[in-house]
Novice: 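Structure provided below as structure tokens; questions to follow.
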Amino acid sequence: MLSDQIDVTSVALILSGFAGLFLLWFAHRNRKLPPGPFSLPWLGNLLSLDAEAPYLSLAKFAEKFGKVYSLQFGSVPCIVISDANIMKEVFSLENASGRAPLYLTHGIMEGYGLICSEGKFWKEQRLWVSGVLKQILKGRDIGAEIGEVVCNHLEENLDLWLDPAPVLAHFIGNFMNKL
């Protein structure tokens with residue numbers, strides 16, 4: 001009889017603990033975000049995305065919530081913009097052009113590098129890299145070089161089905177290493 005009471009009490013405590021955690025999570029959600037589908041604590045909307053074709057799930061969300069909506073990927077809030085004009089307008093704003101605080105960009109790279117930097121520092125690096133590449137590539141027709149490599153590969157493999165992506169990836173890597 002005592003063990004039945006302990007089991008009921010334990011279950012009640014565990015359920016109330018989960019309910020309390022859920023209420024805390026629900027109360028602390030960012031209410032300034034655009035509307036979006038209901039998300040689960042810790043998982044967010046990951047279970048509502050089609051693993052094979054997530055773009056179809058995102059298109060359905062756009063139909064239901066509009067051209068701008070929010071999602072949770074795990075515990076990370078994301079804003080999805082599904083209209084090219086709105087996207088262009090938003091990304092032309094200085095405060096919307098930053099990088100997400102990911103471990104790679106802010107932990108390992110500490111905000112440095114062309115991929116990880118942002119703002120004025122990114123613009124300075126981009127100008128410098130563009131200038132260096134223009135000097136290195138002066139007088140070279142890169143399109144012709146890429147076309148020649150792809151055509152040669154196609155001619156060598158006429159009888160095989162060919163996915164040109166790996167060839168182009170290797171060419172670009174090799175080309176950059178030659179610089």
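All values reported here derive from a predicted model rather than from experimental measurement. The residues of the chain are indexed from 1 along the displayed sequence.
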Novice: Could you go step by step and tell me if V68 and I79 meet the side-chain contact (heavy atoms from CB on, under 4.5 Å) rule?
Specialist: CA-CA 7 Å; V68 179; I79 297 176; 3.9 Å; yes
Novice: Can you check whether P34's main-chain N or O pairs, donor with acceptor, with S70's side chain at less than 3.5 Å?
Specialist: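 Yes, the answer is positive, given that a donor and an acceptor are paired below the 3.5 Å cut-off.
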Novice: Do F73 and C78 make a side-chain contact, defined as non-hydrogen atoms from C-beta onward lying under 4.5 Å apart?
Specialist: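 Sidechains of C78 and F73: in contact.
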Novice: Could you tell me the separation between the CD atom of Q72 and the CG atom of L40, rounded to the nearest 0.5 Å?
Specialist: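 So the CD of Q72 and the CG of L40 are separated by 10.5 Å.
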Novice: Is it possible for you to say whether L33 and F61 belong to one hydrophobic cluster, with membership spreading through side-chain heavy-atom contacts below 4.5 Å?
Specialist: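 Looking at the clustering, F61 is in a separate group from L33.
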Novice: Do L47 and L71 share a hydrophobic cluster (ILVMFWY, side-chain heavy atoms under 4.5 Å, transitive)?
Specialist: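 Per the 4.5 Å side-chain linkage, L47 and L71 are not co-clustered.
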Novice: Name all pairs fulfilling the salt bridge (Lys or Arg N to Asp or Glu O under 4.0 Å) condition that reach into residues 65-91, sequence neighbours left out, sorted by first residue then second.
Specialist: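 Found K67-D83.
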Novice: Do you reckon Y69 sits in the same ILVMFWY cluster as L46, going by side-chain contacts under 4.5 Å, direct or chained?
Specialist: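 Same hydrophobic cluster.
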Novice: Could you pull out the closest heavy-atom pair between S82 and G66, with the gap in Å?
Specialist: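 Minimum heavy-atom separation between S82 and G66: OG-O, 4.2 Å.
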Novice: Show me, pair by pair, the donor-acceptor contacts under 3.5 angstrom made by side chains of residues 48-60, not counting sequence neighbours?
Specialist:
{"unit_1": "S48", "atom_1": "OG", "unit_2": "N45", "atom_2": "O", "d": "2.7"}
{"unit_1": "D50", "atom_1": "OD1", "unit_2": "E52", "atom_2": "N", "d": "3.0"}
{"unit_1": "S57", "atom_1": "OG", "unit_2": "D50", "atom_2": "N", "d": "2.8"}

